[in-house]
Structures are given as structure tokens and as C-alpha cells.
Amino acid sequence: MRSGRGIAVAAFGCAILTHHDARAQDAYLQGVFTGSIGVTDNVSSAAEPPAGPGPDADGFGTVSPGLIFTYTTPRTSQTLSYTFAASFFFLHSEANSYSNMAMWSGRFVTSPRTTLTLGVAGSQGQLNTFLLEQAPGTTTIAGTEGGTTNFVQGSVNEGFSFQPSPVWQLGQAATFLVYNPLLDRPQRTYSAANTLSAQRIFRHDVASLALSVGYTHFDNVPVTDADADPEAPDVYVERDQLLSTLVASWQHDLGRRFSSQLDVGGVVATDLTGDAASLVRPAGLAALRYTHDRGEAELAYTYAATPNVFLQQIQLSHQLTLRAAAPILRPSWRLSVEGSAGVQFARPLETNAEGELVTGPNTTAVLTDVALLWSPVIVIPDFALALRYQHTNQHTAARTAELPDTRIVRNALLVSVSGAFPRRMEAGSRISMTQPFGSAGPVGPPHRDPEPIEPPEGSEPAAAGDAAP
């Protein structure tokens with residue numbers, strides 16, 4: 001832990017000392033830092049009685065230095081980043097943790113009509129603190145098992161786009177992910193997916209069609225049998241499941257600041273073990289988005305099937321989310337608010353005793369994550385002081401009336417400070433837009449006019465087939 005922290009601090013200092021020379025060579029080196037102190041009523045995301053021992057309250061602090069290196073040419077753009085994050089608790093030192101996250105991504109204009117994207121990401125850390133490592137406007141809603149678990153995760157992605165004309169674009173994207181908990185009997189997850197898409201751009205609309213096929217393998221899945229002897233040894237199995245999704249999308253420009261998106265399609269889930277049972281369900285998305293140079297927001301509803309590596313399940317889920325980032329009242333006050341709020345109703349895909357593919361007990365996850373930010377007059381680049389509150393509430397129904405439901409509730413209040421040096425050249429998005437059917441599909445607001453085939457000289461290439469790790 002000490003060596004990792006030393007490397008991060010040294011890299012941050014290197015960014016401050018060398019950024020001027022790097023920029024002269026089409027390279028940009030930037031150091032970032034976030035630190036916070038706060039309190040929580042559930043240190044390890046423990047379940048409430050009688051399903052669990054109950055939560056413990058404590059104060060905590062976090063530090064997260066990082067380094068971002070970007071290299072660009074007229075036809076390429078590459079980014080390499082490393083972030084070290086550590087959390088420590090005042091009374092429960094056994095819950096102290098640290099994580100290392102590294103990522104490389106590259107975009108390459110391979111011809112006037114084609115673009116290739118590649119990416120590699122890896123992370124190692126402890127599960128009970130991962131929610132606080134995301135910004136309030138990007139926090140994801142996902143069920144967790146509770147408790148503390150060390151894990152290692154890696155992913156590789158590839159995307160390719162072909163633009164046969166200024167109004168047509170074809171895309172392909174592939175991803176591979178490995179999640180490995182560091183346990184005596186690791187419940188690993190392997191996931192691979194490939195997406196093909198076609199997009200037609202109109203003046204105020206974008207029409208798309210995306211086909212995605214994903215394979216997921218779960219190792220050492222514990223089997224629960226309510227009629228079995230409680231003293232009997234645990235039983236573990238392996239699961240192989242296939243998801244095939246076809247979605248048609250229509251994005252419409254409602255003006256200079258508002259846009260909408262409507263996706264309609266279906267998903268076929270297949271359990272490849274046993275008799276290869278299948279389940280057919282609809283898939284869809286409805287979203288209203290607002291974008292402005294001073295703020296952005298999205299209200300979205302999705303129904304989709306996605307793997308959950310933390311619970312070792314493929315889940316069919318309804319999800320409603322609201323994300324926003326906007327200034328408060330007068331710009332001279334330099335106050336802004338950003339955050340996420342949402343609810344998810346998810347059911348896992350399981351095989352019953354007759355070999356049929358069915359849905360299991362419902363898990364309801366509620367998330368509220370909001371921050372009030374203050375940025376002073378620009379003296380320290382990209383400096384911000386934030387007061388943040390986060391509430392998570394997860395309820396999983398019991399399989400039988402004899403067993404208790406499982407509920408995990410966690411509240412956290414913290415004050416954080418963040419900064420970057422040198423200053424970012426342009427502001428990035430402070431919220432994450434909903435992309436449930438693969439990033440090779442319909443993404444982002446519609447274009448008012450078709451983009452040219454040949455990108456302008458010296459500009460960063462764009463790619464519709466980019467698949468984020």
C-alpha cells in the first residue's frame with residue numbers, strides 16, 4: 001500500500017513539472033486529486049438483522065491521486081491513466097482498503113471512412129468502498145452481496161466503424177471482462193459480447209439498429225435449497241448463459257438543448273447448461289435529455305438483461321434514473337449541484353428443478369447521490385469543494401416464507417476537495433448518459449447536420465463503435 005501511494009504521489013509531481021514540454025510534442029500530462037472525510041452508518045455494507053449481523057457506524061477518510069497522459073496526432077488519440085484510491089476508517093481499521101485502477105484507450109483513423117478503437121482496463125480493490133469512487137452524476141445502480149470482498153477485474157474492448165456516406169455509419173464493438181474475487185473458492189465471472197450496428201443520420205433525427213450477443217460464464221455459484229439440511233455442506237455449480245438483444249432506436253432533436261430517444265426490441269436469454277432453456281423478454285429505453293454548456297440532465301427508463309458480476313447473475317431489470325448537473329442561481333456564486341437518483345427492480349435468471357429457465361426473487365435497489373460544489377475564482381485550476389450525501393437501500397425478497405428478506409441500507413455524508421493540474425483544456429460531461437444496449441448502438445444526442453467523412457486536419461477522430469471498458 002505504501003509503495004502504491006508513493007508511485008501515485010511521484011507521478012502527480014511529475015505531471016506538474018513536465019506538462020509544458022509534453023504539450024509541445026502533442027502530448028498532455030495531467031495530475032488529478034480527490035480527498036474527503038465523512039461519516040457512514042454502515043462500514044461494510046452489512047445486511048440488517050435477522051439476515052445479517054447488522055451495520056456498524058464510523059468516520060472515514062479517502063484519498064485518490066491519479067495521473068492522465070494523452071497523446072494525439074491528426075489521426076490518432078491515446079489516453080493512459082492511473083488512479084490510486086485509499087480509504088481508512090477511524091474505529092474499524094479492518095475495513096481499510098486501497099485500490100489501483102489503470103486504463104489505456106486509443107482511437108485511430110485507419111482511412112478516410114474507417115476508425116478503430118481499442119481499450120484495456122484493470123482494477124484491484126475492495127468492494128465495500130466502490131460506490132464512493134464514482135462522481136455523484138455517474139454512480140451506477142447495481143445490487144451487491146454486502147460485506148467486504150477484495151477483487152481483481154480486467155477488461156479489453158475493441159470497436160470499428162465504417163462510414164460509407166455522410167449519412168450512413170456501420171459499427172462493430174467487442175468486449176471481454178474478467179471479475180475475480182480473492183476468496184478461497186473464487187466466484188469468478190467471464191463475460192464476452194459483440195455488437196453490430198447500423199445508423200442513419202437525418203437533419204434532426206438519428207435512426208439505428210443494433211444486434212448484440214453476449215456470453216457469460218459464472219464459476220462456483222452457490223446453490224440454495226430450502227429443503228436441504230442446514231448442516232449439509234455447500235453445493236457449488238457453474239453456469240453458462242447467452243444473451244441476444246436486437247433493438248431499433250430513434251433519436252429526435254427537440255431543439256437546441258433537448259433531445260429524446262426511444263428504443264424498442266427484444267432479448268433472448270439462454271441457459272446453455274442442461275437442455276439449453278430459453279426465455280424471451282422485451283427490451284427498451286425511453287429517455288429525455290438536456291444539454292447546455294452550463295448544465296446537463298437526463299431522465300431515462302430502461303428494461304434490459306445485463307450480467308451482475310457481484311451477485312453472479314444475469315438480471316432482467318426495470319430501471320428509472322434521473323441524473324443532472326447544473327449551476328445554482330447566479331454564476332458569480334460559483335455554486336453548482338450534481339447527482340443521481342434512481343430505482344431498479346431486478347430478477348435473476350435461474351433454472352428450476354424441472355430444467356426451465358425462470359426468474360428468481362426480486363431485488364429492489366434505491367440510490368440517491370447528490371453533491372453541492374463550490375469552485376473559487378480560477379486561481380487553482382479545476383479546484384472544487386463539495387458537500388456530498390449518498391443513500392443506498394437494497395432489499396432482496398426471500399426464496400421461501402421461512403427465510404428472512406435481506407436488506408442493506410447505507411448512508412454516507414462527506415466533504416471532499418478535488419483539483420487537477422494543469423487545467424483541463426475543455427470541460428467534460430459531469431453525468432453519464434444511459435447506454436443499456438452496448439455502446440456500438442445509439443449513443444448521444446442527434447446531429448443537426450451529417451458529419452463529413454473526412455475529419456478536419458488536427459482534430460480528434462470520432463468513433464461510433466467505441467466500447468468503453
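Between F108 and W104, the ring planes lie tilted relative to each other; the angle falls in the 30° to 60° range.
Scanning for side chain to side chain contact (heavy atoms under 4.5 Å, CB included) contacts around T70 gives Y28, I68, T72, T79, with sequence neighbours left out. Every residue two or more places apart in sequence or in another chain that forms a side chain to side chain contact (heavy atoms under 4.5 Å, CB included) with S340 is listed here: R323. Here D240 pairs with Y215, H217, L272, T273 under the side chain to side chain contact (heavy atoms under 4.5 Å, CB included) rule; sequence neighbours left out.
When only modelled atom types and interatomic distance are considered, S212 and T195 share a side-chain donor-acceptor pair under 3.5 Å. Between the side chains of N100 and Q124, at least one donor-acceptor pair of N or O atoms lies under 3.5 Å.
In this structure the side chain of V370 never reaches within 4.5 angstrom of the side chain of P136, judged on heavy atoms. Looking at heavy atoms from C-beta onward, F33 lies in side-chain contact with P65 at the 4.5 angstrom threshold.
Taking the charged nitrogens against the carboxylate oxygens, R185 and D219 have no contact shorter than 4.0 Å, which rules out a salt bridge.
In summary, of the residues considered (T364, N362, T363), a side-chain hydrogen bond (donor to acceptor under 3.5 Å, both in side chains) with T396 occurs for T363 alone.
Residues H318 and F345 place their aromatic rings such that the two centres sit no closer than 6.0 Å.
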Check the pair T73 / Y71 against side-chain contact (heavy atoms from CB on, under 4.5 Å), numbers first and verdict last. CA-CA 7 Å; T73 68; Y71 179 77; 3.6 Å; yes
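The cationic atom of R200 (NZ for Lys, CZ for Arg) lies less than 6.0 Å from the six-membered ring centre of F202 and within 45° of the ring axis.
For S36 against S416, the heavy-atom pair with the smallest separation is CB-CB, 3.5 Å.
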